[in-house]
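Single-structure report; data block below.
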Amino acid sequence: MKETLEISPENPVNGAEALVRAIIAEGTDTVFGYPGGQILPVYDALYDYTDTLHHILVRHEQGAIHAAQGFARATGRPGVVIVTSGPGAANVVTGLSDAMMDSTPLVVITGQVGAQYLGSDAFQETDVIGITQPITKWSLQVRRAEDINAAVARAFYIARSGRPGPVVLDIARDAQIGIVDRPYRPMNFIRSYDPVPLVDMDKIEAAAKLINEAQRPLFLIGQGVIISGAEKALISAAEKSSVPVASTLLGLSAMPSTHPLYKGMLGMHGNVGPNYNTNRADVIVGIGMRFDDRVTGLASGYAPDAKIVHIDIDISEFDKVIATDIAIHADAREALQALIPLLHENEDRREWIESFDRCAEIEDREVLEAELRRCGDAPLTMGEVVDAISTATGHDAIAVTDVGQNQMMASRYFKFTTSRSFISSGGLGTMGFGLPAAMGAKIGCPHRTVVCFLGDGGFQMTLQELGTIMEYNIGVKIVVMNNNFLGNVRQWQNLFYHRRFSQTPLLNPDFNMLAAAYGIPSLEVRTREELPAAIDAMLAHDGAYLLNVDIDPTDMVFPMTPAGKTVDTIMLSPALCFTSEMLEKK
């Protein structure tokens, strides 16, 4: 570690070192990256700061950005990525789009050719700003060394404030080798940028009046509750006014799974109670969620009897999908804290709350019947694997998923006691996300158990990151749900395309041999009798471990609301749909 006097005219440094010192000044202790020609000055500067800035050398730039996403989602701190120009920068584009959709704070630094070569199609030149502007919160090309400090300060402030998101700094080689002679100063204000608007008390009072007078109110919570740290305020508001709560996919873990007012997940593969009762509610309060099409189903048939209150920090989300009656432009925690004193205690909602439980009993009955059909020598199902691992971890692990059936089964069967415990690619649905994101989550939260649920298809998109896990001894628990199919696509082909399984069967390698090649112990689990001992061995091992679980290839995720249908059109199985008559029979 070199001596680090404050940068000044008497102690100047080059732009690359100024960049590294600025990143450290922002509280960053871990960066994910991959070196290359146009970012070499920065990597040379990193060499002197290894005591304070831990660099994780991934095996592919996509792995770097997904790992940074997992780190950010698990910790709430911006994930930092450093890659080179051209293909290096292009390889993080999917992750940038994913992070933008899911409000993940990232600072991505890309190398760029010298300013004199820009626009000449120089070797490994790519128009990074042109590519990334539509999928980032902010992007800037830095051509002069003296602009680095201000650019980094602005980047971190924008990435973490308001609705978080990814930013890109494309730093030309000139800026990396030029001289900086001014100290770094963090930023906490940008003119014309108002990341946290003031709470409009008139709207809060109007919302409180609607909730207090409602007979069938429902809170729908998204990741904004987690980002804003509104978990305690949410529970206080729900308990005081006896309002049931349902979660989006990315809102999972904001409220403990066992809380009596928590009624499950919304959406295409959400629980019956929240989906059915969405269209029976008279007031819906959406908190830190964006009424995504996977939550609403057919928008024209969504919540026809409900007044809609929408609380969100991003004004562009209002009326984008569902028309609101009261739009509260505010931080979720601040809005809820202002709302709580105005809410009335209400004991008259017992029947409304119990209606969710009756739906859950019907859903549980269908799950039990499915399990009974699969007893004995029948193949393992994803749901029972996830449930067994959740139970074995005391429901206190971080669950990271890839995308597909593994994702939906994990979201349905994993239980949560602690916030920031579910990490998945929501808006973009990026296969290959899971393994590197789990690495980042474990690095960010080394004392928590991190379990990564993968399909055999998504695993093979980024399995080279097993090399990163090996090199840095990252103790993630990897569970491959191996059904030799692209399972989610197969399910749709089964239900809606006359069982024409076009390009969904997979011929897979021996995943246990692959794990062994990277020095990672593993087990193949073929039967349910083998499962408990295999889970115990995985969790007892101090380090990375892989379970290769043979899954029934015909296993499907239910309940399911088919695309283009109303949210209360709910398939319990290929041959059975949920109906209100089922409730009446109960």
Side-chain angles (χ1 to χ4, degrees), residues 199 203-267 270-278 280-289 291 295 303 306-313 324-326 328 330-360 395 415-422:
V199 176
K203 291 188 174 183
I204 292 290
E205 290 170 5
K209 185 174 186 295
L210 277 181
I211 297 167
N212 290 334
E213 294 175 354
Q215 294 181 326
R216 300 180 304 280
L218 178 59
F219 286 171
L220 308 184
I221 64 169
Q223 189 183 200
V225 171
I226 297 170
I227 292 170
S228 67
E231 296 94 337
K232 290 182 179 179
L234 166 69
I235 292 172
S236 296
E239 289 178 345
K240 183 176 182 181
S241 53
S242 300
V243 177
V245 178
S247 168
T248 67
L249 178 72
L250 296 191
L252 290 173
S253 82
M255 195 170 189
S257 303
T258 55
H259 193 286
L261 287 173
Y262 178 71
K263 301 304 177 184
M265 187 176 74
L266 301 155
N271 296 101
V272 170
N275 282 344
Y276 177 72
N277 280 328
T278 289
R280 306 302 176 278
D282 56 5
V283 171
I284 286 178
V285 184
I287 308 168
M289 50 89 72
F291 290 102
V295 165
K307 298 288 186 182
I308 305 294
V309 178
H310 192 181
I311 300 171
D312 205 280
I313 202 166
T324 57
D325 294 277
I326 301 174
I328 300 174
D331 173 81
R333 181 171 55 84
E334 292 183 3
L336 285 170
Q337 288 175 338
L339 184 66
I340 290 168
L342 304 179
L343 294 176
H344 297 166
E345 295 185 4
N346 193 317
E347 299 296 330
D348 297 331
R349 292 174 178 149
R350 187 171 302 167
E351 184 177 346
W352 169 238
I353 293 170
E354 288 176 351
S355 71
F356 288 84
D357 300 329
R358 291 199 301 275
C359 289
H395 311 301
K415 306 303 179 189
F416 306 99
T417 59
T418 306
S419 187
R420 293 192 179 275
S421 292
F422 183 78

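Along the sequence shown, the residues carry numbers beginning at 1.
The heavy-atom pair separating Lys263 from Pro244 by the smallest distance is CG-CB, 3.9 Å. A pairwise comparison of heavy atoms in Ser228 and Asp331 identifies CB-OD1, 3.2 Å as the closest pair. Of all non-hydrogen atoms in Ala238 and Leu261, the two that sit nearest each other are O-CD1, 3.3 Å. Residues Ile340 and Ala233 approach most closely at CD1-O, 3.5 Å, considering heavy atoms. For the pair Ala237 and Leu343, the tightest heavy-atom approach, listed with the atom from each and the gap, is O-CD1, 3.8 Å. Of all heavy-atom pairs between Ile311 and Ala335, the closest is CG2-CB, 3.7 Å.
One distance of note links CG of Asp312 with OG1 of Thr324; it measures 11.0 Å at 0.5 Å rounding. With rounding to the nearest 0.5 Å, the separation of CD1 in Ile308 from CG in Leu220 is 8.0 Å. Between the CG atom in Asp325 and the CD1 atom in Ile284 there is a gap of 10.5 Å [rounded to 0.5 Å]. A distance of 4.0 Å separates CD1 in Ile328 from CD1 in Ile204, rounded to the nearest 0.5 Å. Note that CG of Asn271 and OH of Tyr276 are 15.5 Å apart. Values are rounded to the nearest 0.5 Å. One distance of note links CG of Asn277 with OG of Ser355; it measures 4.0 Å at 0.5 Å rounding.
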**Message:** Checking Ile211 against Leu339 for the side-chain contact (heavy atoms from CB on, under 4.5 Å) test, could you report, in this order, the C-alpha distance in whole Å, the side-chain angles of both residues, the deciding distance, and whether it holds?
**Reply:** CA-CA 10 Å; Ile211 297 167; Leu339 184 66; 4.0 Å; yes
**Message:** Show, in sequence, the C-alpha distance, side-chain angles and deciding distance for Ile226 and Arg420, and conclude whether the side-chain contact (heavy atoms from CB on, under 4.5 Å) test is met.
**Reply:** CA-CA 7 Å; Ile226 297 170; Arg420 293 192 179 275; 3.6 Å; yes
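Open room surrounds CD on Gln215; 12 or fewer heavy atoms of other groups in view lie less than 6.0 Å from it.
Remark: the backbone N or O of Ala214 is not paired with any side-chain donor or acceptor of Asp282 at under 3.5 angstrom.
Looking only at side-chain heavy atoms (C-beta outward), Leu234 and Leu336 come within less than 4.5 Å of each other. The shortest side-chain heavy-atom distance between Leu218 and Phe356 falls under the 4.5 Å cut-off. Residues Arg349 and Val243 have side chains in contact (heavy-atom distance under 4.5 Å, counting atoms from C-beta outward). A 4.5 Å side-chain heavy-atom check between Met265 and Leu252 finds at least one atom pair inside the cut-off. Using a 4.5 Å heavy-atom cutoff, the side chains of Ser247 and Ile221 are in contact.
Checked against Lys415 for a side-chain contact (heavy atoms from CB on, under 4.5 Å), the options Pro256, Ser253, Ser421, Ser257 give a single hit: Ser257.
Of the charged side-chain nitrogens involved, none lies within less than 4.0 Å of a carboxylate oxygen, so that Arg350 and Glu354 do not count as a salt-bridged pair.
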